[in-house]
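Notes for the one structure printed next.
Numbered from 1 within each chain, the chains take letters A, B, ... in sequence-line order.
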Amino acid sequence: MIRVWIAARIVDLVAATYGVAIPYPAIDMPKNPEYGDFATNVAFGLAQQLRKSPMAIAQELCDTSKMVAGVEGIEFVPLNGFVNLKLNDALIWRQLQSWNPTTVLPVAVPQRILLEYVSANPTGPLHIGHGRWAVIGSCLKDLLVQVGHQVHSEFYVNDAGNQIGLFRASVAAIRDGEPVPEGGYLGAYVKDLVDAPNPVEAMRSAHESTLARIGVVFDQWFSEQTLHDRGAVAEAISVLRDAETVYQADGAEWFRSTDFGDDKDRVLTKSDGAYTYFAVDCAYHADKMARAGDRMINIWGADHHGYVPRVRAMVQALGGSEWASASRFNVIIGQLVTLLKNGEPIRMSKRTGEMVTLDEIVDEIGSDATRFFLAMKSSDSSIEFDLEVAKKKSNENPVFYVQYAHARICAIYRKLEILAPTDATHEILNTAERNLMMWCLQFQDEIHAAAENLAPNRVVFFLIELARLVHGMYESSPILKTEPALQRQRLYILEKARACIEAGLQLLRISAPIAM
RNA sequence: GCCCUCGUAGCUCAGUAGGAUAGAGCGCUGGAUUCCUAAUCCGGAGGCCGUGGGUUCGAAUCCCGCCGUGGGCACCA
């Protein structure tokens, strides 16, 4: 949390200089290394309030810094209104000595969070798209837990309704040698289910096994059927009715979701008396809000994004307006994945069974590469997943780049036949050593940013950059043929970096091999 | 038609609580191996950040229009 630490020093400095209290300012890493290690733009924000130019304020802050306690080892340099900060080697070294990548300060307000993801229908095997939500969801869970939240992860099993009836009928038809019903399921996997006592449960169980192969395990598999069984749907509708958000029209019962920003009202009970999928979802979300406590996060595919406004409406009607806030309810809409083979997109259809399953992909390229590729892209852009690239063991495939950095460090210990040093003193630090240390120290800041923005891909990019710095130091700063004190210094830095890579990969549930 | 998403190097993508000269990998190109795994490193070329306005001391980032991509617009699930 070095950036938080720096920000706190700046807050103190501003208070000491002008007697004003400010919130934690942004701490940037300047692109130009001549500007120092960190920079802050507080002077711009204070300019209006203090009726002074940013340049003058930056200058004054830097002047005052010499008289303030707690900033020893930091050189303050004003430039163009920015305050640039340069940390001396001793300070960085002290920071590193007390730094441990697995220790992360908890957030100020920990939440109880219910995270729902994947929730694929149990009518066919999982594909790469489900894999993407599975990976992002599982990374998100670990991230949120890492910063102090309590997270319950859940897979919603749509084991009731028309599609399930059609699916069961399709399996039965194939078993009995009869034609599959109109709009039914024809895929090869359907044949494999004819002997299953319960094809739906067999399919769900297959999902569980597939997900376990890529390290995705749910705290709960929530059955839609149980909502029907205990009358939860009728209960949810009556809550909406009591809130006077329900009316009758055309023989059906409607939820006035337009009162909550949706663009049209939605049917709850059809004119034939059956509940809609949406009505069942009302029951599910009511149940989730009761269990979640503080916050709900749903991860859905792009084909559901039109569904979001009505769910937001329903959540507010059932749970109260506080559930409209982004700190209580998030829907992450993940864009689609196009699978490429030899540069050509593969078309998929679940109904006819023309598809490459997630299992087949994991068979081919393994869990580590699958997870890394799916985690590295931000969830709101559609991506291409190239099977050939994912199989390559080169720089084109960044998972090996990161793992190799870890393995290389381990190889040095083997060569020297020693264990990693637990402490060391330092002499002068070269640029490669210094940059690597500075990057490691920001690991926790990055974890917090990734958790806050629900963006696990930030961790992946942090690790790629970390690996780059390790490889850079490896090339420029020899160890075996170096005098003992410097050797120990370098080993100490590399061990911190190794632990950081290990911690980062663990967060992504990717292995950190000691040899490759 | 309406709503949502995205548009950054030739390709695949980072970077968006506004910051100082916009980044990486691949591809192209020039180098590095008496030395810890070359699965690596160092250098070069390559950009009006879709487009036109606006807000601001400052915009890839925020707001509006337009163009383009993908998705959604059921008493389906």
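- With hydrogens and angles ignored, a donor-acceptor pair closer than 3.5 Å exists between the side chain of H305(A) and the base of G71(B).
- Closest to the side chain of A411(A), out of U37(B), A20(B), C75(B), is U37(B).
- When the nucleotides A77(B), U5(B), G15(B) are ranked by their closest atom to the side chain of R310(A), A77(B) comes out on top.
- Contact between the side-chain N/O atoms of K31(A) and the OP1/OP2 oxygens of A20(B) is found at a separation under 4.0 Å.
- Contact annotation: S381(A) side-chain N/O to A14(B) OP1/OP2 distance is under 4.0 Å.
- Annotation for E34(A): atom CD does not count as buried by contact number, only 12 or fewer foreign heavy atoms lying within 6.0 Å.
- If you check every strand for non-hydrogen atoms under 4.0 Å, N457(A) touches sugar and phosphate atoms only.
- Salt bridge absent: K288(A) and E154(A) never bring a charged side-chain N and a carboxylate O closer than 4.0 Å.
- In this structure, S379(A) reaches neither bases nor backbone, as no heavy-atom distance under 4.0 Å exists between it and the strands shown.
- Considering only side-chain atoms of R408(A), the nucleotide from U40(B), C36(B), C35(B) that sits closest is U40(B).
- Ring geometry for F155(A) versus W221(A): interplanar angle under 30°, hence parallel rather than tilted (30 to 60°).
- A salt bridge links R408(A) with E475(A): the distance from a Lys NZ or Arg NE/NH1/NH2 to an Asp or Glu carboxylate oxygen falls below 4.0 Å.
- Heavy atoms of Y35(A) sit under 4.0 angstrom from at least one base atom.
- The pair K270(A)-E253(A) does not count as a salt bridge, with every side-chain nitrogen at least 4.0 angstrom from each carboxylate oxygen.
- Electrostatic pairing of D262(A) and R312(A) does not count as a salt bridge here, judged by no charged N lying under 4.0 Å from a carboxylate O.
- Side-chain to base pairing of N41(A) with G19(B): one donor and one acceptor N or O lie within less than 3.5 Å of each other.
- Mapped onto RNA chain B by nearest heavy atom, V83(A) and M473(A) fall at different nucleotides, with V83(A) at the one closer to the 5' end.
- The phosphate of G25(B) has OP1 or OP2 within less than 4.0 Å of a side-chain N or O from R468(A).
- Backbone-only contact: A160(A) has heavy atoms under 4.0 Å from sugar-phosphate atoms and none from a base.
- What separates OH of Y474(A) from C1' of C42(B) is a distance of 17 Å, to the nearest Å.
- Nearest nucleotide to the F461(A) side chain, out of A14(B), A20(B), A77(B): A14(B).
- Using a 4.0 Å heavy-atom distance criterion, A252(A) is classed as a base contact.
- Aromatic ring pairs are classed by plane angle as parallel below 30°, tilted from 30° to 60° and perpendicular above 60°; the pair W300(A) and H304(A) is tilted.
- The phosphate of A77(B) (OP1 or OP2) has no side-chain N or O of N158(A) nearer than 4.0 angstrom.
- Side-chain proximity of K270(A) to A77(B), A38(B), C13(B): nearest is A77(B).
- Distances shorter than 4.0 Å separate none of the side-chain N or O atoms of N84(A) from OP1 or OP2 on A20(B).
- Listed pair Y156(A) / A77(B) fails the phosphate criterion, with no side-chain N or O lying under 4.0 Å from OP1 or OP2.
- Note: F385(A) and F373(A) have perpendicular aromatic rings, judged against thresholds of 30 and 60 degrees for the angle between ring planes.
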Notebook entry, point to check: Could you walk me through whether S378(A) and D380(A) pass the side-chain hydrogen bond (donor to acceptor under 3.5 Å, both in side chains) check?
Noted result: CA-CA 6 Å; S378(A) 106; D380(A) 52 25; 2.7 Å; yes

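- When heavy atoms are screened at a 4.0 angstrom cut-off, I383(A) is found touching the sugar-phosphate backbone but no base atom.
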Next item on the list: With pairs defined as Watson-Crick or G-U wobble and both distances under 3.5 angstrom, please note down RNA chain B as a dot-bracket string, | for pairing with another strand.
Entry: ((((.((..((((.....[...)))).(((((.......))))).....(((((..]....))))))).))))....

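- Between the CG atom of D380(A) and the C1' atom of C13(B) there is a distance of 12 Å, rounded to whole Å.
- Look at F82(A) and the base of G19(B); the rings do not stack under the cut-offs of 5.5 Å between centres and 30° between planes.
- Heavy atoms of N162(A) sit under 4.0 angstrom from primed sugar atoms or phosphate atoms, though from no base atom.
- Side-chain proximity of K415(A) to C36(B), C75(B), A39(B): nearest is C36(B).
- Taking 3.5 Å as the limit, the base of C6(B) and the side chain of S382(A) contain no donor-acceptor pair of atoms between them.
- Distance CG (L339(A)) to P (U12(B)): 16 Å, rounded to an integer number of Å.
- Picking from A20(B), C36(B), A38(B) the nucleotide with the shortest atom distance to the side chain of Y404(A) gives A38(B).
- Not one side-chain nitrogen or oxygen of K264(A) sits closer than 4.0 Å to the OP1 or OP2 atom of C75(B).
- Distance, K377(A) NZ to G25(B) P: 15 Å, rounded to whole Å.
- For S378(A), taking side-chain heavy atoms from C-beta onward, the closest of the listed nucleotides C35(B), A14(B), A20(B) is A14(B).
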Checklist line | F82(A)/F44(A) under ring-ring contact (aromatic ring centres under 6.0 Å, His included): CA gap, chis, key distance, verdict | finding: CA-CA 8 Å; F82(A) 292 89; F44(A) 290 94; 5.2 Å; yes

